[in-house]
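Below, chain A is the first sequence line, B the second, and so on; all start at residue 1. The figures that follow rest on heavy atoms only: side chains count, while hydrogens, waters and symmetry mates do not.
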2 protein chains.
Amino acid sequence: MARLAGVSRATVSYVLNKATAVRISEPTRRRVHAAAKELGYVPHAAARSLRAGHSRVVLMPAPGFPAGPLYHRFLGDLQLALGRLDYTVVQYGSMGVDGDEAARAWAELRPVAVLVPGPGLGPQGVTVLKRSGARAVVTLGPRPVEGAHALLMDFEAVGHRAGSHLAERGRRRVGVVVPEEEGLAAFSAPRLAGVRRALHGTGAAVTELPLAYDEESAARLAARWPGLGLDAVFAYNDEYAMLLMRALQDAGVRIPADTAVIGADDLMLGRLLRPRLSTVHIDLPSGRELAELVDRAVRSPGTAPGTHEVLGARVVPRDSS
Amino acid sequence: MARLAGVSRATVSYVLNKATAVRISEPTRRRVHAAAKELGYVPHAAARSLRAGHSRVVLMPAPGFPAGPLYHRFLGDLQLALGRLDYTVVQYGSMGVDGDEAARAWAELRPVAVLVPGPGLGPQGVTVLKRSGARAVVTLGPRPVEGAHALLMDFEAVGHRAGSHLAERGRRRVGVVVPEEEGLAAFSAPRLAGVRRALHGTGAAVTELPLAYDEESAARLAARWPGLGLDAVFAYNDEYAMLLMRALQDAGVRIPADTAVIGADDLMLGRLLRPRLSTVHIDLPSGRELAELVDRAVRSPGTAPGTHEVLGARVVPRDSS
DNA sequence: TTGAAAGCGCTACCAG
DNA sequence: CTGGTAGCGCTTTCAA
């Protein structure tokens, strides 16, 4: 490349990186740019970061659980915000392998920061990543992990809000939907626990309701409904809530008269049902905030990792409860 | 690393890559493995692919348009399948930049293959990628691109199926929802065209209906409904269909008596509405198939890029039409 | 069976 | 102002 522009490789590097320390003559500059354009020259990221000793890659393993629209919007924001700070966000598909084992694969890319959604990463994995040069490891999940910054998504609070709401409405026999789908346990368990805590000491009873995300499973559950004797149900999220609510209505259960239903996530679609679905609205941290946290952590890696409570949860009462 | 195991770097390389060409004594082997574990040694992917001259990275730019659950399932499959073939799938967040410009950024990573969802990549971009060493460039979109393998997602056919279905049902004044959201035009335009083609010569009229994905916009459209005089509507996809159908029902329009509604994508949620939503089911290619296509293309890069028709579309009539 | 050394593409220092 | 050059971590050929 340099040869064809008639200059040395160093000069090329200077020109393309707009190095300020050295001044390159305008004609040379032009020749370099022209040659680059003509050859379709593109710098080699691997070589660059090898030389530099660090990269600007922020690695985000793709979540191993079925993620909803909420998560995808958040992800988009985050990518945009990190992009503005000149990081390159890379989503790495490492499905099927568990965290600490996967961490090794992630470390091969020598990312400057790693954002791990969900549980699954242990202290071991954090160590591997840090040793490989990651200047920030951030977990987004229900529990903090030794050595990593934690964005604590307190799903227990989501359940707690839902439980309190139902109790306030005078409901005493509360069902809690627990998805049967793989990988959702880490999210459903705290929600269930939250409901239990909210109802503890009120004399209300909590019943666990396993449910797969298909009509048949919902119909089966609805058929058992009279025997269950429940006057309320917290349905994990809006999608399960919509599924269950429909099945209940088809089985002749009146909502909210016989049974109150509340979901979570505040999806637009829940507003379209009749009755309109009550829900727990969840405020994820904004992509911008997370991006800034990452940036701070990268710039001053000495700082002790902090734990931030980042989930706002509030009930949006509508007509189904 | 090598020093601490008491052997040379070459030996380390042999052991960790299980090189078959040379035989390493068992004790040495063990020493290397032990040292690697103790130091938490992880090979440096950049250095490796720099030396090798190529990588096993399959790059997939994150789509610049709001992607639905359909796409995310497909993506998961694909990652799994490519992972099995020992490729590393990397999703690159390059939102906001247009294809040919972004291609340059993608090329910096020297991926062995690039899968580009949606339109936006032109022949220029393909050239850049190929010159940078990509052995396969595959587009997943409405039109083929010069020089790239194309998986042709024929959304025109989706519209055509919907249009034919409505015509068969005797509908003559058909509305077609066109989302106002950014980036969806490339998908909605062919669907609209498909409806037009299906209805051409039947004497039926087609009306374009811009709609944003929120309740207010839907309510405004529903309020104009009587004046529009439509007896059917194809609502771009199930989500817009659900939104519009609810607004129409609230405005007193009977479905399907006054107006038939059909969506697309066959989301489970559509089945939960009353009346149950008719839809056009779309068969995406399986992740496994795409993975194999990529693998073939990588292994024999001489082959002329092919164009494959990969979208099965069929009407699933339910109660809303 | 192991070690020494070259070189992948790039940047940063230092000499011209 | 520009060019030569060392060296990032790794693999691979050649020699010992």
Side-chain angles (χ1 to χ4, degrees), chain A residues 1-33 35-36 39-57 86 88 104-112 128 131-134, chain B residues 1-33 35-36 39-57 86 88 104-112 128 131-134:
Chain A
M1 146 82 196
R3 305 82 193 290
L4 304 214
V7 300
S8 82
R9 303 147 37 116
T11 310
V12 172
S13 178
Y14 291 141
V15 172
L16 297 183
N17 296 326
K18 313 190 210 314
T20 52
V22 290
R23 311 201 57 75
I24 305 287
S25 70
E26 197 50 44
T28 313
R29 219 193 187 71
R30 252 199 291 282
R31 266 213 313 275
V32 171
H33 275 129
L39 297 202
Y41 170 84
V42 173
H44 194 304
R48 184 193 304 235
S49 70
L50 182 59
R51 170 68 228 224
H54 59 90
S55 71
R56 295 288 287 179
V57 167
D86 202 39
T88 293
R104 194 181 269 272
W106 305 340
E108 293 194 1
L109 298 189
R110 295 294 190 277
V112 67
V128 169
R131 256 208 290 233
S132 82
Chain B
M1 148 80 197
R3 305 82 192 292
L4 304 212
V7 300
S8 82
R9 306 150 36 129
T11 310
V12 172
S13 179
Y14 289 143
V15 172
L16 296 183
N17 296 326
K18 313 190 210 314
T20 53
V22 291
R23 309 200 59 74
I24 305 287
S25 70
E26 197 50 44
T28 312
R29 219 194 188 73
R30 253 198 292 280
R31 267 212 314 274
V32 171
H33 274 128
L39 297 203
Y41 170 84
V42 173
H44 194 304
R48 179 188 304 218
S49 68
L50 182 57
R51 169 67 225 226
H54 60 90
S55 71
R56 295 288 286 179
V57 167
D86 202 39
T88 293
R104 197 182 267 270
W106 305 339
E108 293 194 1
L109 298 189
R110 295 295 190 277
V112 67
V128 169
R131 257 209 288 234
S132 83

If you define the side chain from C-beta out and look only at heavy atoms, does anything of A/Val42 sit under 4.5 Å from B/Arg110?
yes
Could you work out which one of D/dT12, D/dT5, D/dC10 sits closest to the side chain of A/Ala10?
D/dT5
Could you tell me how far apart A/Glu108 (CD) and D/dC10 (P) are, to the nearest whole angstrom?
10 Å
If you count heavy atoms of other groups shown closer than 6.0 angstrom to CZ of B/Arg56, is the number above 12?
yes
In whole angstrom, give the distance that lies between atom CD of B/Glu26 and atom C1' of C/dT2.
16 Å
In whole Å, what is the span from the OH atom of B/Tyr14 to the P atom of C/dT2?
11 Å
Selected nucleotide, minimal atom distance to A/Arg51 side chain, candidates D/dG7, D/dT11, C/dG3:
D/dG7
Distance, rounded to the nearest Å, where B/Leu16 contributes CG and D/dT11 contributes P:
8 Å
To the nearest Å, give me how far apart CG (B/Leu50) and C1' (C/dT11) are.
13 Å
Give, for atom NE2 of B/His44 and atom OG of A/Ser49, the distance between the pair rounded to the nearest 0.5 Å.
5.5 Å
Closest heavy-atom contact between A/Val15 and A/His33?
CG1-CE1, 3.7 Å
Which listed nucleotide (D/dT13, D/dG9, D/dT11) is nearest to the side chain of B/Arg48?
D/dT11
With a non-hydrogen cut-off below 4.0 angstrom, is A/Thr28 in contact with a base, only sugar-phosphate, or nothing?
sugar-phosphate
For A/Thr11 and D/dG3, is the shortest distance between a side-chain N/O and OP1 or OP2 below 4.0 Å?
yes
Rounded to the nearest Å, what distance is computed from the NE2 atom of residue A/His54 to the C1' atom of nucleotide D/dC8?
11 Å
To the nearest Å, give me how far apart NE2 (A/His44) and C1' (C/dC8) are.
8 Å
